[in-house]
Amino acid sequence: MINLYNTLTRKKEIFKPMNGNRVKMFVCGPTVYDNSHIGHARTYISFDVIVRYLKYRGFTVFYLQNITDIDDKIIKRSKESGFDPLKLARQFEKKYQDCMKAMGVESVNFYARATEHLPEIIQQIQTLLEKRFAYETDKGVYFDESRFPDFGKLSNRKLEDLTVHRINPDTSKKNPGDFALWKKRKGEPVWDSPWGPGRPGWHIEDTAITEEYFGPQYDIHGGGLDLIFPHHEAEIAQMESASGKKPMVSYWMHTGFLNVKGEKMSKSLGNFITIKDLLKTHNPEVFRFFVLSTHYRSPIDFSNEILEQSQNSLKRIYKLLETIDELLESDIEESTENDLLCKQRVQETEESFLEAMDNDFNTPFALSTIFDFIREVNRYINHQEISKKSLNRSKNLIIEFGDILGFNFSQKSSDKSSENIVEDGLLEIITDVRAKLREQKDWELSDDIRNKLKNLHINLEDK
RNA sequence: GCCAAGGUAGCUUAGAGGCGAAGCGGUGGACUGCAGAUCCAUUACACGGGAGUUCAAAUCUCUCCCUUGGCUCCA
């Protein structure tokens, strides 16, 4: 039984999809006007793990994500660079996809572009106009907030509070808080509509897309914490008004922010880190571990020091797996006396791991159960009190956990980084020579080689 | 001002009324030719301050302090 925190009710609820075991899930995708940063990566890795776990628990998940490929920021960027806005968007969308692939985010079933859903968007605006939830001005079509008293239910705000700090109220609108469904424009990428040429507002694309694939009601809607207001609030207003059905979404899930050394990541502060740059120096699994070592709703603080901690922690897991593989290939003296105990510990570990994940996807606790288990297995190995059967069982458990969390534990970590065949060959020659030196007890030279390799960030460990 | 999320050992984080965790880092020991890895011990009588409720509070209530984010189609 999975419990998840619902932003709408501000408490943990038992997860029950509307339709048996089939889960319809939508997460707000990026606006593709620039390279994706590690804050994006945090959010999408979190939802990747959530989907992996739901699937592991027997749910069939359809995970839909939108791509905002027409937007003010894209147009601004295109004017600065001279590129065609739609081509610019395609370019950054491609980069985003490459980053997600590199990060091991594989769970999204379909990416829906806003520009490929104009008929659905226009249809939904039509419906809102017909039901008089929207009105047209000479600037565009706007949602009439006064017709939707529930506005603010997700972010816990009242309509009257929202007018306090408004700047430059647009007097052509009925209420200051009314948001654009359709923007009448010229000289930019425009589409024909019953209200003349223009382009859709930011919020309407998501509800048009989800209505097309999921209908007016579905199970999970996710996104970054910053999207709660106004974006998700507006989505609720549009969809629930258009369909007359409530609630639009059963469970709202939001991921916490990623800060860099305690500050918000921004270009002006010079602490803006793109996924591409991160991957130049770091293994994607290290970043994934870093993300999962904090609960998805909590703020997470990024720094190179913390990333190094994650790297060392992850190394501990890989180290045990390597040790197990070596033992399985060797003729060790087996001890079967702990088999029962080991089997029991595997079961207990699995139970506490799943319990942690069931509890609103508590990955930090889940990771700690892995480490508890690792220490125990290491202890057995140290005392030579383990059989190959138990070693296999332990290994499979850790690999299974890796599949849920998105780590490929069945592959050696060293195999993932090495791409250079010549380099590997040379390294093998060096280690062979060194092994012979050690046979001859030439410690001075063999240590010298080891130290020099270490300076090149190649760590040799003698048995 | 309003809304939200936070403040737990040197660092990163779990926990959410009693039995106090995990990883990283430091130190000592076992094992090693030496390192490393691993194990054991230690750092470690940790929960922002103050009051209250309770037999019992890191956990509940109140209050104060601090940090971060959001506050409309211009994000």
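Numbered from 1 within each chain, the chains take letters A, B, ... in sequence-line order.
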Can a salt bridge be assigned to the pair [X] and [Y] using a cut-off of 4.0 Å between side-chain N and carboxylate O?
X	Y	result
A/K389	A/E334	no
A/D34	A/K73	no
A/K436	A/D442	no

Distance between [atom1] atoms of [N] and [M] (Å, rounded):
N	M	atom1	value
B/C3	B/U63	P	13 Å
B/C19	B/C55	C1'	16 Å
B/G15	B/C60	P	12 Å
B/A21	B/C45	P	12 Å
B/G6	B/U42	P	33 Å
B/G18	B/G50	C1'	24 Å
B/A22	B/A14	C1'	7 Å
B/G52	B/A57	P	12 Å

Check every strand shown and say whether [X] touches a base, only sugar-phosphate, or nothing at a heavy-atom separation below 4.0 Å.
X	result
A/N382	base
A/R10	sugar-phosphate
A/D447	base
A/K441	nothing
A/D301	sugar-phosphate
A/S303	nothing
A/R316	sugar-phosphate
A/H295	sugar-phosphate

- Going by ring centres under 5.5 Å and near-parallel planes (under 30°), is A/W443 stacked on B/G33?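 According to the criterion (under 5.5 Å, under 30°), yes, A/W443 stacks.
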Please name the nucleotide paired to [N] by Watson-Crick or G-U wobble geometry with both distances under 3.5 Å, or report none.
N	answer
B/A21	B/U13
B/U42	B/G26
B/A35	none
B/G69	B/C3
B/A51	B/U61

Shortest side-chain distance from [X], nucleotide among [options]:
X	options	result
A/F371	B/G23, B/C39, B/A37	B/G23
A/R375	B/U72, B/A5, B/C40	B/C40
A/F179	B/U13, B/U68, B/U72	B/U72

- Message: Using only modelled atom types and a 3.5 angstrom limit, is any donor from either the side chain of A/Q309 or the base of B/C11 paired with an acceptor on the other?
- Response: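 Indeed there is one.
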- Task: Check whether the side chain of A/R450 and the base of B/C34 form a donor-acceptor pair under 3.5 Å.
- Result: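 By the distance-only test, yes, there is a pair.
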When you measure from the side-chain N and O atoms of [X] to the phosphate of [N], is any distance below 4.0 Å, counting only OP1 and OP2?
X	N	result
A/S298	B/U68	no
A/N312	B/G25	yes
A/N362	B/A14	no

- Would you please indicate yes or no on a ring centroid separation below 6.0 angstrom for A/F290 and A/F287?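 Ring centres of A/F290 and A/F287 closer than 6.0 Å.
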- Answer with yes or no after comparing the ring centroid distance for A/Y142 and A/F179 against a 6.0 Å cut-off, counting only values under it.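 Judged by ring-centre distance (under 6.0 Å), A/Y142 and A/F179 do not meet the cut-off.
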Atom [atom1] of [X] to atom [atom2] of [N]: distance rounded to whole Å?
X	N	atom1	atom2	answer
A/R438	B/A35	CZ	P	13 Å
A/Y142	B/U72	OH	P	15 Å
A/Q384	B/C31	CD	C1'	12 Å
A/L405	B/A22	CG	P	19 Å
A/E322	B/U38	CD	C1'	13 Å
A/R297	B/U68	CZ	P	22 Å
A/F302	B/G69	CZ	C1'	20 Å
A/L225	B/G70	CG	P	10 Å

- Task: Taking atom CD of A/E348 as the centre, report whether more than 12 heavy atoms of other residues, nucleotides or ligands fall under 6.0 Å from it.
- Result: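 Yes - once you tally the heavy atoms of other residues, nucleotides and ligands closer than 6.0 Å, there are more than 12.
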- Please tell me which of A/E444 and A/K73 maps to the more 5' nucleotide of RNA chain B, matching each residue to the nucleotide holding its nearest heavy atom.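 So the residue in question is A/E444.
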- Query: 5'-most contact on RNA chain B: A/G201 or A/S313, nearest heavy atom basis?
  - Reply: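 Comparing both residues, the 5'-ward one is A/S313.
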- Message: Can a side-chain donor-acceptor contact be found between A/T7 and A/H254 if the only test is distance below 3.5 angstrom?
- Response: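 The answer is yes; a qualifying pair exists.
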- Message: Nearest 0.5 angstrom please: A/K184 NZ to A/S193 OG, how far?
- Response: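 It is 8.0 Å, given to the nearest 0.5 Å.
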